[in-house]
Amino acid sequence: MTHPLITFLKTPMAAPETRTLRRMRRLWMALCWSLALAVLLLPVLKMLLGPWAGLPALLLAAAAMLHGFVYFRAKVRADDSLGREGRP
């Protein structure tokens with residue numbers, strides 16, 4: 001009989017990253033970096049776009065949240081299926 005802690009330590013903590021999950025993760029990171037850039041460039045955008053300067057940041061924030069929600073749900077599903085089956 002094996003101690004439960006030993007069994008836990010032998011269990012993989014995350015599923016191998018598939019091509020789709022990798023693409024989704026990279027897109028989410030690109031959206032986050034773009035949002036940070038839009039916030040940093042807000043004074044320049046204010047000169048160019050006037051009262052609409054916050055729109056790019058707003059759209060990027062919404063896209064990052066929506067895509068993040070989809071990505072993290074897919075990641076949790078992949079991790080759960082690995083935990084149940086022992087393989088992806």
Side-chain angles (χ1 to χ4, degrees):
M1 183 162 166
T2 308
H3 191 275
L5 184 58
I6 300 296
T7 305
F8 175 75
L9 290 173
K10 289 181 178 179
T11 305
M13 296 309 290
E17 189 174 50
T18 63
R19 184 180 304 142
T20 303
L21 283 175
R22 184 179 314 117
R23 192 176 317 127
M24 290 176 73
R25 178 179 51 85
R26 288 179 178 166
L27 177 59
W28 180 73
M29 289 181 357
L31 286 169
C32 291
W33 279 107
S34 300
L35 175 60
L37 186 62
V39 169
L40 288 174
L41 294 176
L42 199 55
V44 175
L45 290 173
K46 187 152 175 92
M47 288 185 338
L48 294 173
L49 301 175
W52 297 98
L55 188 61
L58 177 67
L59 293 175
L60 286 167
M65 286 190 319
L66 289 173
H67 184 71
F69 179 73
V70 171
Y71 166 66
F72 287 114
R73 283 193 63 194
K75 181 67 175 149
V76 166
R77 259 192 320 248
D79 291 344
D80 286 346
S81 72
L82 179 74
R84 277 196 309 271
E85 299 170 7
R87 56 180 158 68

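This is a predicted model, so every value here is computed, not measured.
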Next on the checklist: Show me the pairs that pass salt bridge (charged side-chain N to carboxylate O under 4.0 Å, His left out) and involve residues 22-42, at least two apart or across chains.
Outcome noted: Glu17-Arg22, Glu17-Arg25
Checklist entry - Going hydrophobic residue to hydrophobic residue with side-chain gaps under 4.5 angstrom, can you get from Met47 over to Leu41? => result no
Next on the checklist: Test: salt bridge (charged side-chain N to carboxylate O under 4.0 Å, His left out). Region: residues 64-76. Which pairs qualify, not counting sequence neighbours?
Outcome noted: Lys75-Asp79
Next on the checklist: Would you say Leu42 ends up clustered with Leu58 if hydrophobic residues are merged whenever their side chains have heavy atoms under 4.5 Å apart, either directly or through other cluster members?
Outcome noted: no
Checklist outcome for this item: Heavy-atom closest pair (Leu49 atom, Pro56 atom, distance to 0.1 Å) is CD1-CG, 4.2 Å
Next on the checklist: Connecting only ILVMFWY residues whose side-chain heavy atoms lie within less than 4.5 Å of each other, what is the rest of Leu60's hydrophobic cluster?
Outcome noted: Leu27, Leu31, Leu35, Val39
Checklist entry - Same cluster for Leu66 and Met29 if Ile/Leu/Val/Met/Phe/Trp/Tyr side chains link at under 4.5 Å? => result no
Item to check | Residue pairs involving residues 41-57 (criterion salt bridge (charged side-chain N to carboxylate O under 4.0 Å, His left out); sequence neighbours excluded) | outcome: none
Checklist outcome for this item: ring pair (Phe, Tyr, Trp, His ring centres under 6.0 Å) filter on Phe69, not counting sequence neighbours, yields none
Next on the checklist: Would a single hydrophobic cluster contain both Leu40 and Leu48, if residues Ile, Leu, Val, Met, Phe, Trp and Tyr are joined by side-chain heavy-atom contacts under 4.5 Å?
Outcome noted: no
Checklist entry - Under 30°, 30 to 60°, or over 60°: which ring-plane class applies to Phe72 and Trp28, parallel, tilted or perpendicular? => result perpendicular
Item to check | Where Ala78 and Ser81 come nearest, the two heavy atoms and their spacing | outcome: O-OG, 3.0 Å
Checklist outcome for this item: ring-ring contact (aromatic ring centres under 6.0 Å, His included) pairs touching residues 29-63, sequence neighbours excluded, are none
